[in-house]
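As the structure lists them, so they are numbered: ligands from 1, and atoms in each ligand from 1.
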Amino acid sequence: MIEQQFVTYAQEIVFGAGSFDRTGELVSQFGWQRLMLCTSPSLRQEGRIDALQQVLGPQLVGTFEMVQAHVQDFQLAEALAIADAHQADAIVGLGGGSSIGMAKAISRALGERRGDQSLTPVIAIPSTYAGSEMTPVYGVTHTSDGLSRKITIRDPRTVPRLVIYDPLLTLDLPSQVTSSSGINALAHCVEALYSSTRNSLATAAARAGIEHIVRALPRCAKNGADVGARDEMQVGAHLAAAALATTSMGLHHGLCHVLGGSAAVPHGIANSIILPHAMRFNLDATGSQLALVARSMGLSVDGRDDHAAAEAAVAGVYHFIGQLGLPQRLRDAGVVEEDLPQLASMALQSRAVQDNPKPVTDAAQTEAVLRAAW
Ligand code: NAD
C-alpha cells in the first residue's frame with residue numbers, strides 16, 4: 001500500500017440550478033442570523049446583490065462590494081470594520097476567488113480581534129471556476145515601498161462551511177473569465193495528480209475533474225448561456241478544488257501567485273500561460289502522473305509509454321488553452337522582460353515552488369520557465 005496522509009473538511013455542499021434562491025433556507029439550518037456579504041462590483045451590475053438581499057432580507061446586515069483582484073490588504077481593514085460594526089455571525093463570499101478569499105480573510109481577522117478560536121463561519125457562493133470554496137487557503141496582497149507581494153495563509157478554520165453551486169449565477173460570466181478560471185481548475189487537477197502529497201481521493205477527483213472540464217469548458221466558452229455545460233463545468237471545478245484542498249501544489253501555482261501578486265496578472269490568465277510550461281519542466285520527474293492527464297483528457301495515447309503520453313499531455317493542454325483563445329505568452333499579459341529575474345527569485349521563496357515534485361533549488365530554474373512562457 002502506498003503511504004498517504006491528508007485532511008478532509010466538514011462542508012455542506014449544494015448543487016443545482018436555482019439553489020442560490022435557497023440561500024436563506026440553507027443559512028437558517030445553521031442558525032446564522034447576521035450575515036455580511038463580500039463581493040465585487042460586477043455582481044452588482046448583474047443584479048446578484050439585490051437578489052441576495054431579497055433572498056436573505058434582514059439577515060443580510062452588511063455588504064462590502066468593492067473586492068479587487070487578489071485580496072488587497074488596504075481593503076481588508078475597511079471590510080473588517082463593516083463586519084465588526086454589524087456583529088456579523090457569518091461571512092458570505094459571492095463571486096470569484098477574490099471575493100471568497102476576502103470572506104476568509106475577514107473571518108480570520110475577526111477571530112483574531114475577538115480572541116475567538118472557532119472563527120466566524122464562511123459561506124461560499126462561487127460564480128467562477130477558481131475553486132477557493134473548497135480550500136483552507138487564501139492569499140492577501142500586501143504593498144509596501146512600491147512592491148506588491150501576495151502572502152498565502154492556510155487555516156483550516158476558514159474552509160467554507162456551506163457552499164452553494166448554482167450554474168445560473170455563471171451564465172453572465174464573461175468569456176475570458178469563464179475560460180481562464182476554467183484553466184485554473186484544470187491546473188488544480190494537473191498539480192494534484194503530480195503533487196508530492198498526492199493521495200487516492202485527490203487523484204480520483206482530479207481525473208474526473210479533467211474529464212468534465214475538457215468536455216464542458218469549450219461549450220461554456222462557445223455559448224455562455226448553455227446551462228447544461230455550465231452545470232457540468234461547476235462539477236468539474238468542484239472536483240478540481242476538492243483535489244486541491246487535500247494536496248500541496250507545485251511550481252505552476254507558485255509562479256502564478258507571484259505573477260498575480262507582483263505583476264498584476266489576473267490569476268486565470270497566469271494559469272493559462274504557465275500551465276504547459278510547468279508541466280514540461282516536471283515531465284521527466286512525473287511522467288506517469290502526466291500520462292494520467294493525457295488519458296483523462298481522452299487523448300489517443302494507447303500503446304505509448306508514460307513519457308510519450310506525458311509529452312502528449314503537455315501538447316494537448318497547450319492546444320486546449322489556445323483553442324479557448326486565451327493569451328499564451330507573458331508579454332501579452334503586460335509582463336515586462338526586465339522583471340523576470342526578480343519574479344523568478346520571488347517565486348523560488350514560494351512554498352508551492354518548494355513543494356514541487358521535481359526539486360527547484362535555483363532561481364535560474366524558475367527564470368527559465370518564465371522566459372519560456374514570456
Ligand atoms: P476574481 O475573483 O478576481 O474575479 C475575476 C473577475 O470576474 C472579477 O472582475 C469579478 O468581478 C468577475 N466576476 C466574478 N463572477 C462574475 C459573474 N458571475 N459575472 C460577471 N463577472 C464576474 O478571479 P478568480 O479567477 O475567480 O479568482 C482568482 C483569485 O482567487 C486569485 O486571487 C487566486 O489566488 C484566488 N484563488 C484562491 C484559491 C484558494 O484555494 N484559496 C483557489 C483558486 C484561486
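- Taking the side chain to side chain contact (heavy atoms under 4.5 Å, CB included) definition, one finds that Arg22 meets it with Val14, Glu25, Leu26, sequence neighbours left out.
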Under a 3.5 Å threshold, I'd like every N/O contact between ligand 1 and protein atoms, with atom names and distance.
residue	atom	partner	partner atom	Å
ligand 1	2 (O)	Gly97	N	3.1
ligand 1	2 (O)	Ser98	N	2.9
ligand 1	2 (O)	Ser98	OG	3.2
ligand 1	3 (O)	Ser98	OG	2.7
ligand 1	11 (O)	Ser40	OG	2.7
ligand 1	11 (O)	Ser42	OG	2.5
ligand 1	15 (N)	Ser127	OG	2.6
ligand 1	18 (N)	Ser127	OG	3.4
ligand 1	18 (N)	Leu169	O	3.2
ligand 1	19 (N)	Glu46	OE1	2.7
ligand 1	19 (N)	Glu46	OE2	3.3
ligand 1	21 (N)	Ser42	OG	3.3
ligand 1	26 (O)	Gly97	N	2.8
ligand 1	26 (O)	Thr128	OG1	2.6
ligand 1	27 (O)	Gly97	N	3.1
ligand 1	32 (O)	His70	ND1	3.1
ligand 1	32 (O)	Lys150	NZ	3.0
ligand 1	34 (O)	Lys150	NZ	2.7
ligand 1	40 (O)	Thr135	OG1	2.7
ligand 1	41 (N)	Ser132	OG	3.4
ligand 1	41 (N)	Thr135	OG1	3.4
ligand 1	41 (N)	Val137	O	2.6

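- Val317 places a side-chain heavy atom less than 4.5 Å from the side chain of Met297.
- Remark: aromatic rings of His257 and His267 are close, center separation under 6.0 Å.
- In this structure, the side chain to side chain contact (heavy atoms under 4.5 Å, CB included) partners of Ile13, at least two apart in sequence or on a different chain, are Gln11, Phe15, Met134, Val163, Tyr165, His238.
- In this structure, Val7 shares a hydrophobic cluster with Tyr9, Val159, the cluster being traced through Ile, Leu, Val, Met, Phe, Trp and Tyr side chains under 4.5 angstrom apart.
- Ion pairing of Arg371 with Glu367 is present here, as a side-chain N (NZ or NE/NH1/NH2) and a carboxylate O approach within less than 4.0 Å.
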